[in-house]
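Each ligand, and each atom within it, is numbered from 1 in the order the structure gives. Quick caveat, the model's predicted, so the values are computed rather than measured.
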Amino acid sequence: MRIDILTLFPEIALSPLSESIIQRARAAGLVEIQAHNIRDWSTDKHRRTDDTLCGGGQGMLMMPGPIFAAIEELRGPDTKVILMTPQGKTFKQAIARELSEEKHLILLCGHYEGVDHRVIEELVDLELSIGDYVLTNGAIAAAVVTDAIVRLLPGALGDERSHQDESFSDPNLLEAPAYTRPIDFRGLKVPEVLTSGHHAKISAWKKEKALERTRQNRPDLLGE
Ligand code: ADE
């Protein structure tokens with residue numbers, strides 16, 4: 001798989017993708033990730049990439065020229081172009097799973113008030129938001145989306161079973177609380193059932209606690 005991130009801040013996008021599991025996936029050749037500066041496609045002598053809004057309004061908008069040039073140069077026959085924007089569809093685990101099957105993604109990162117709408121109409125296959133809040137730029141969102149996709153690639157996590165238990169494998173249930181040693185920490189004890197060795201009881205306990213936690217933190221997942 002290949003992921004190209006188009007941004008005004010390549011360092012912001014790449015920094016979280018250069019350590020730990022994602023860095024190991026890159027080193028093992030499971031994914032090739034590159035971040036490019038959109039300014040490199042500006043034809044302006046000041047390397048400008050933004051301009052004022054047509055029809056008036058506050059702020060600046062990314063202009064179409066450099067973005068069209070960049071995407072036309074980077075895309076191939078199997079490329080999916082995704083715009084990171086708070087106006088996008090909300091990113092979920094199911095979308096991460098779908099995107100992990102793609103061969104080539106271009107993640108275009110908005111900045112200022114966003115991008116000229118002709119970019120969206122002509123070049124973008126999918127607009128994605130990582131949540132209902134506004135970041136200073138899309139590079140942070142692109143790093144989040146890339147991380148969630150790359151960890152799903154076969155071989156990226158050492159233990160393939162790690163995917164099965166986690167929250168959102170069942171999209172309607174959060175994970176149960178988890179404990180490690182010591183069994184007694186400052187008088188705070190690990191629930192007895194977890195050290196009982198009784199697998200059916202442990203399973204039932206986990207299910208009950210998962211429900212309890214979901215009800216408390218994400219009642220929306222239960223339709224409540
Ligand atoms: N750019 C700014 N805010 C964003 C968000 N919530 N998701 C994706 N891209 C963004």
Closest non-hydrogen protein atom to [atom], residue and atom name please, with distance?
atom: atom 10 (C) of ligand 1; value: Pro86 CD, 3.6 Å
atom: atom 7 (N) of ligand 1; value: Ile130 N, 3.0 Å
atom: atom 6 (N) of ligand 1; value: Tyr133 O, 2.8 Å

- Ala141 N/O to ligand 1 N/O under 3.5 Å: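 It does not: no N or O of Ala141 is found under 3.5 Å from an N or O of ligand 1.
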- Gly131, any N or O under 3.5 Å of ligand 1 N or O: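 Yes, Gly131 has an N/O under 3.5 Å of an N/O on ligand 1.
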- Message: On a heavy-atom basis, I'd like to know which of Thr85, Leu83, Leu135 is closest to atom 9 (N) of ligand 1.
- Response: Thr85
- Under 3.5 Å, side chain of Arg26 to main-chain N/O of Val31, donor-acceptor pair present? no
- Message: Can you confirm whether Pro191 sits close enough to Trp205 that some side-chain heavy atom of one is under 4.5 Å from a side-chain heavy atom of the other?
- Response: yes
- Using a 4.5 Å cut-off on heavy atoms from C-beta on, say whether the side chain of Ile95 contacts that of Lys89. yes
- Item | Where ligand 1 meets Val134 - atom numbers and elements under 4.0 angstrom, heavy-atom basis | 3 (N)
- Item | Interfacing atoms of ligand 1 (cut-off 4.0 Å, heavy-atom, Leu128) | 8 (C)
- Please walk me through it: do Leu157 and Leu152 pass side-chain contact (heavy atoms from CB on, under 4.5 Å)? CA-CA 8 Å; Leu157 298 182; Leu152 292 175; over 6 Å; no
- Message: Please identify which of these residues, Asn137, Thr7, Leu8, Ile12, meets the side-chain contact (heavy atoms from CB on, under 4.5 Å) condition with Cys109.
- Response: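 Filter result, single survivor: Thr7.
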- Could you tell me whether the side chains of His111 and Asp50 share a donor-acceptor contact shorter than 3.5 Å? no
